[in-house]
Q: 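Take a look at this one; I'll ask things after.
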Amino acid sequence: MGLLDRIRAWGSGGDQDAPIVRSPLEQRLIERLQDSIGDPLREDTPVRLHLRFTGEVQGVGFRWNSTWIARDFHLTGWVMNLDDGSVEMVVQGSPKRIIMHLDKLHAYYQRFRNRIWIEEATELSPVEDEGEFEARYEPGVM
């Protein structure tokens with residue numbers, strides 16, 4: 001899709017009402033997270049995920065949008081561009097808030113018809129007392 005097509009799509013609201021298109025891996029991840037919702041023993045237990053996104057995720061404000069959305073949902077972690085054109089993210093919070101974060105990211109980029117795709121997802125051990133969610137510019141410690 002060319003630049004003019006993207007501008008026209010954005011001006012017309014894009015495909016905001018279209019269903020979110022997720023990678024098969026992300027669909028399975030969402031299902032696992034949803035299993036915790038409604039279970040009083042697990043729904044507020046923090047989950048920490050390492051994710052790698054591909055698609056149109058660099059040069060489109062993905063790190064900044066991820067950061068502001070994550071902070072709105074009181075998530076912690078970080079996001080960073082990789083040299084191969086993908087984006088790496090570590091996100092921690094309740095399963096419900098992580099799902100909401102992913103939904104909002106998809107909804108934002110769907111307006112521009114940008115595809116974001118989760119290629120890798122790994123569950124990590126939660127980190128206590130992590131500050132906030134941040135955009136990183138150089139590799140750091142998970």
Q: Side chains of Val90 and Glu130: closer than 4.5 Å at any heavy-atom pair?
A: no

Q: Which distance, rounded to the nearest 0.5 Å, do you find between the CG of Leu49 and the OG1 of Thr122?
A: 8.5 Å

Q: Which heavy-atom pair separates Gln27 from Arg22 by the least distance, and what is that distance?
A: NE2-O, 3.3 Å

Q: In Å, rounded to the nearest 0.5 Å, how long is the span from CD1 of Ile118 to CG of Leu102?
A: 5.0 Å

Q: For residues Val60 and Phe112, determine if any side-chain heavy atom of one lies less than 4.5 Å from a side-chain heavy atom of the other.
A: no

Q: Let me confirm one number: the NE2-CD1 distance from His101 to Ile98, rounded to the nearest 0.5 Å.
A: 9.0 Å

Q: Side-chain contact test, heavy atoms from C-beta onward, threshold under 4.5 Å: evaluate it for Glu56 versus Phe62 and give yes or no.
A: no

Q: For Ser86, is there any backbone N or O sitting under 3.5 Å from a side-chain donor or acceptor partner on Gln58?
A: yes

Q: Mind running side chain to side chain contact (heavy atoms under 4.5 Å, CB included) on Val21 and Arg115 for me, showing each step along the way?
A: CA-CA 8 Å; Val21 177; Arg115 186 189 87 155; 5.8 Å; no

Q: Write down the atom of Pro95, the atom of Ser36, and the distance for their closest heavy-atom approach.
A: CG-CB, 3.8 Å

Q: State the CE-CD1 distance between Met100 and Ile69, to the nearest 0.5 angstrom.
A: 11.0 Å

Q: Nearest 0.5 angstrom please: Phe53 CZ to Tyr109 OH, how far?
A: 10.5 Å

Q: Are Ile37 and Ile20 connected in the hydrophobic side-chain network, where two residues link if heavy atoms are under 4.5 Å apart?
A: no

Q: With a 4.5 Å cut-off on side-chain heavy atoms, are Thr76 and Phe133 touching?
A: no

Q: Return the CG to CD1 distance between Asp35 and Ile30, rounded to the nearest 0.5 Å.
A: 11.5 Å

Q: Could you walk me through whether Leu29 and Leu51 pass side chain to side chain contact (heavy atoms under 4.5 Å, CB included), step by step?
A: CA-CA 10 Å; Leu29 174 63; Leu51 307 172; 3.9 Å; yes

Q: Locate the shortest heavy-atom distance separating Ala135 from Arg63; write the atom from each residue and the value.
A: CB-CB, 4.2 Å

Q: Could you report the tightest heavy-atom contact between Leu33 and Val47, atom names first, then the distance?
A: CD2-CG1, 4.1 Å

Q: Which atom pair, heavy atoms only, marks the closest approach of Gly93 to Leu75?
A: CA-CD2, 3.6 Å

Q: Using modelled atom types and a 3.5 Å cut-off, is there a donor and acceptor pairing between side-chain atoms of Glu120 and backbone atoms of Leu25?
A: no

Q: Would a 4.5 Å heavy-atom cut-off, applied to side chains only, mark Val57 and Trp117 as touching?
A: no

Q: Is any side-chain heavy atom of Leu105 less than 4.5 Å from a side-chain heavy atom of Met89?
A: yes

Q: Quick check: does any side chain N or O of Ser23 sit under 3.5 Å from a backbone N or O of Glu119, one acting as donor and the other as acceptor?
A: no

Q: Quick one: list whatever passes side chain to side chain contact (heavy atoms under 4.5 Å, CB included) with Ser94, sequence neighbours left out.
A: Lys96, Arg97

Q: If we only count heavy atoms from C-beta on, is the Leu82 to Met80 side-chain gap below 4.5 Å?
A: yes

